[in-house]
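Everything quoted here is computed from the prediction, not taken from an experiment. Every heavy atom of this structure was used, including side-chain atoms; hydrogens, water molecules and symmetry mates were not. Order of the sequence lines fixes the chain letters, A, B, ..., with proteins taken first and strands second; residue numbering starts at 1 for each chain.
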2 protein chains.
Amino acid sequence: MVTLEDVARQAGVSLATASRVLNGSTRQVGASLRAKVELAAAQLGYRTNVAAQTLARGAGNVIGLVVHDLTDPYFAALADGAMRVADSKGLVVMVGTTRRDPEREISYVSALNAQRVRAVLLAGSRIADPHVTRRLREELDRYRETGGRVACVGQDLLGADTVVPGNREGAAALARALTGLGHRRFAVLAGPAGLITARDRATGFAGVLAGLGLPAPQIVHGSFDRDGGYAAAAEVSGATCVFAVNDVMAVGALAAFRDRGIRVPHDISVAGFDDIVTLRDLVPALSTVRLPLADMGARALELALDAAEEIRAESVAGEVVLRESTRGPA
Amino acid sequence: MVTLEDVARQAGVSLATASRVLNGSTRQVGASLRAKVELAAAQLGYRTNVAAQTLARGAGNVIGLVVHDLTDPYFAALADGAMRVADSKGLVVMVGTTRRDPEREISYVSALNAQRVRAVLLAGSRIADPHVTRRLREELDRYRETGGRVACVGQDLLGADTVVPGNREGAAALARALTGLGHRRFAVLAGPAGLITARDRATGFAGVLAGLGLPAPQIVHGSFDRDGGYAAAAEVSGATCVFAVNDVMAVGALAAFRDRGIRVPHDISVAGFDDIVTLRDLVPALSTVRLPLADMGARALELALDAAEEIRAESVAGEVVLRESTRGPA
DNA sequence: GGCAGACTTGAAAACGCTTTCCTGGAGGTC
DNA sequence: GACCTCCAGGAAAGCGTTTTCAAGTCTGCC
């Protein structure tokens, strides 16, 4: 293992000089010494020991990212955006997946704290459980007390900078578009009752219907994934249009209707939320609310990185995209 | 920032004892002191400084994972598998995305080396460029010289433990299944000419046709993603069946045919490779070769972790899955 | 009762880097 | 030519752990 000291010795300079040459310092080093050091480093195949560097500097160059499930394209897109800005800044990303277990989320934050990461990004919806939220928040506070930076994508309830998707508004806009098509009787595949994102989308949607004096939609809860959508779709009855609170659930619903011989959009319309890129080639193409996921991930990291006094919540609007999976009622 | 020393002082014990209590040592510590230390740590909110620990121990607990593109479900699945075993072993994963740029791959390995990660996992196909491969290999060798462990998913040409998907065999089996359906004239959407995975799948497929005395398939190169499949599909002519060397390309091809009014599988059959979970609900459902992606990622990490003398190449077989996107020729 | 042996505890030396502080020499000004 | 400033370079003190080694305490056994 080649150390900086080996390099310094071989170059015939002091440790300090070698350090200044190799690991970005503001201080100048004379051209000849600089060359010697660089040569020695190359010959020896020196690699900075980041652990030592982190210890000495008191700050590392890794940022932590916590998502629920990397195989969910929603989180993959978010992560991708964050990673892009990370490495434009010479930072490296450590990823943890909670598999939707809040305990794991807390323990990841603790682990990232131990790593002294520069920032932690929490992506994904909170559970509406005050107890868990409080414990997570405590862990985050502990991290922040020692200079850590935090940002979230989702709800603004952790006292950190947050990129807030316009869930309620997006769902509302979608509801208006769908009623505009002539629908009156809706079902909402609402996901888990405790998941805030799911709840916001469902209530945003229902709110518009109520405002228009239309009958309340049939609400069907279930899991937030494809299978949840599939199962929930089976319970829909009497609706001409179904709103699944995210695209992967909508995919499940599509499959369920297909399996039961119900044609979309001929017999029933289906809409989702997120506009997952991988799912754009679905047939019928899914009507949905587009969220700029990669940008959101990127933005979250930027927020975390540029320290500010006040806590910022930046909302990003969703854009309704009507495609073939919806049309007017028969 | 609470240090171990603070904890030791508060507990009235030595640094050594505090260390032994808090950070898993084989050494025993008396029950009363142990309790004191734990109490003090809890009161003070102590968090191990992993950087210091890594420095002192000379080995950290992070493993590095390099993939081409996290938004590609193929890599997401691989990553997910690796992360599962990682955190069953108390390890944490650092992810880098190369965006298919070999230079970035090399620099990631270098960065991971600097981090002194326990192991690095390289997922995804190599480019058949001897120069780049050599440089990557040099970087890996440097890492291994100092005790680093490496494993790959893909081709066994880096001198490391490798999980080798049965690309050639899987494609061959698929070809047999498809000819069994009655097809004689094929097109292969072959991806980039230099990408080994793509090439193996294409040649495995073509080999069977040749062996059967059938005409050579039309080979169309293009990028390895959805758009590559879309573009390549436009050039197909005269085939009754199209083999896209991966599922996302097949999705592109499906879209292209749809846009041009060509019905799948009525007018033409389409098959892919990988059996991406997110794509299972496609219509028509895609015939493909299933690869246990998550298991492969998990297995790669296991290989990297359990040190062995010899270099192991473990192959995993693909399983042909015929669905609706293929049928006999009209 | 004394002693070998087994354990527990603490002191202190790494681990590899950064950075502060100091020294000495070069260049500028009057 | 004397004085001051400015700057490149080096010595050494950390950064927060782990771990070796020596010292001390018990236990049990003859």
Side-chain angles (χ1 to χ4, degrees), chain A residues 1-38 40-41 44-62 111 113-118 142-143 146-148, chain B residues 1-38 40-41 44-62 111 113-118 146-148:
Chain A
M1 177 93 306
V2 182
T3 72
L4 189 58
E5 190 169 358
D6 299 331
V7 174
R9 190 177 315 117
Q10 162 123 351
V13 303
S14 74
L15 241 194
T17 300
S19 169
R20 296 198 261 252
V21 171
L22 296 176
N23 305 309
S25 153
T26 48
R27 289 267 312 249
Q28 287 296 322
V29 172
S32 76
L33 291 194
R34 147 165 265 115
K36 277 192 204 167
V37 171
E38 278 163 350
L44 268 33
Y46 171 72
R47 284 284 174 272
T48 303
N49 181 325
V50 179
Q53 190 168 267
T54 300
L55 179 56
R57 291 220 255 248
N61 64 184
V62 2
N113 189 354
Q115 298 278 354
R116 300 297 190 275
V117 298
R118 261 254 253 294
R142 176 129 70 206
Y143 171 61
T146 64
Chain B
M1 177 91 307
V2 182
T3 72
L4 190 57
E5 190 169 357
D6 299 332
V7 174
R9 189 177 317 118
Q10 164 123 350
V13 303
S14 74
L15 204 47
T17 300
S19 170
R20 297 197 261 253
V21 171
L22 296 176
N23 305 308
S25 154
T26 48
R27 293 268 313 256
Q28 285 297 320
V29 171
S32 76
L33 290 194
R34 146 164 267 116
K36 277 191 203 164
V37 171
E38 278 163 351
L44 266 35
Y46 171 71
R47 285 283 173 273
T48 303
N49 181 326
V50 179
Q53 189 168 269
T54 300
L55 178 57
R57 292 220 254 244
N61 65 180
V62 1
N113 188 352
Q115 298 278 353
R116 300 297 190 277
V117 298
R118 262 255 250 293
T146 63

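Nearest heavy-atom pair across Ala18(B) and Ala8(B) is CB-CB, 4.0 Å. What you find for Ala41(A) and Val7(A) is that their closest heavy atoms are N-CG1, 3.9 Å. Smallest separation of non-hydrogen atoms from Gln53(B) and Thr48(B): OE1-CG2, 3.1 Å.
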Inset, instruction - Any chance you could lay out the side-chain contact (heavy atoms from CB on, under 4.5 Å) test for Val37(A) and Leu22(A), step after step, and finish with the verdict? - result: CA-CA 8 Å; Val37(A) 171; Leu22(A) 296 176; 3.8 Å; yes
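Sorted by first and then second residue, the salt bridge (charged side-chain N to carboxylate O under 4.0 Å, His left out) pairs involving residues 8-27 of chain A (not counting sequence neighbours) are Glu5(A)-Arg9(A), Asp6(A)-Arg9(A).
Using a 4.0 Å heavy-atom criterion, one finds that Arg47(B) contacts the sugar-phosphate atoms exclusively.
A straight line from CE of Met1(A) to C1' of dC15(C) spans 12 Å, rounded to a whole angstrom. In this structure, Glu5(A) atom CD and dA11(D) atom P are separated by 11 Å, rounded to whole Å. Leu33(B) has its CG atom 11 Å from the C1' atom of dG10(C), to the nearest Å. Distance, Gln28(B) CD to dG10(C) C1': 17 Å, rounded to whole Å.
Of the residues in residues 13-22 of chain A, those with a non-hydrogen atom less than 4.0 angstrom from any atom of DNA chain D are Val13(A), Ser14(A), Ala16(A), Thr17(A), Arg20(A). For the segment residues 48-62 of chain B, the set of residues with a heavy atom within less than 4.0 Å of an atom of DNA chain C comprises Leu55(B), Ala56(B), in numerical order.
The distance from the CG atom of Leu55(A) to the CG atom of Asn49(A) is 9.5 Å, given to the nearest 0.5 Å.
Between the side chain of Arg118(A) and the main chain of Asn61(A), no donor-acceptor pair closer than 3.5 Å is present. Side chain of Arg116(B) to backbone of Ala59(B): no donor-acceptor contact under 3.5 angstrom is found.
Contact of the Gln115(B) side chain with the Val62(B) side chain is not registered, since no non-hydrogen atoms from C-beta on lie closer than 4.5 Å.
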Report, one line per pair, each donor and acceptor closer than 3.5 Å where one atom sits in a side chain of residues 29-36 of chain B; sequence neighbours left out.
none

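Comparing Arg116(B) and Ser32(B) by the nucleotide of DNA chain C whose heavy atom lies nearest to each, the residue mapping closer to the 5' end is Ser32(B).
The shortest distance between the side-chain N/O atoms of Asn23(B) and the OP1/OP2 oxygens of dT18(D) is below 4.0 Å.
Evaluation of the side chain to side chain contact (heavy atoms under 4.5 Å, CB included) rule for Ala114(B) yields Val50(A) as partners, not counting sequence neighbours.
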Protein and nucleotides 22-25 of chain D: nitrogen or oxygen contacts under 3.5 angstrom:
none

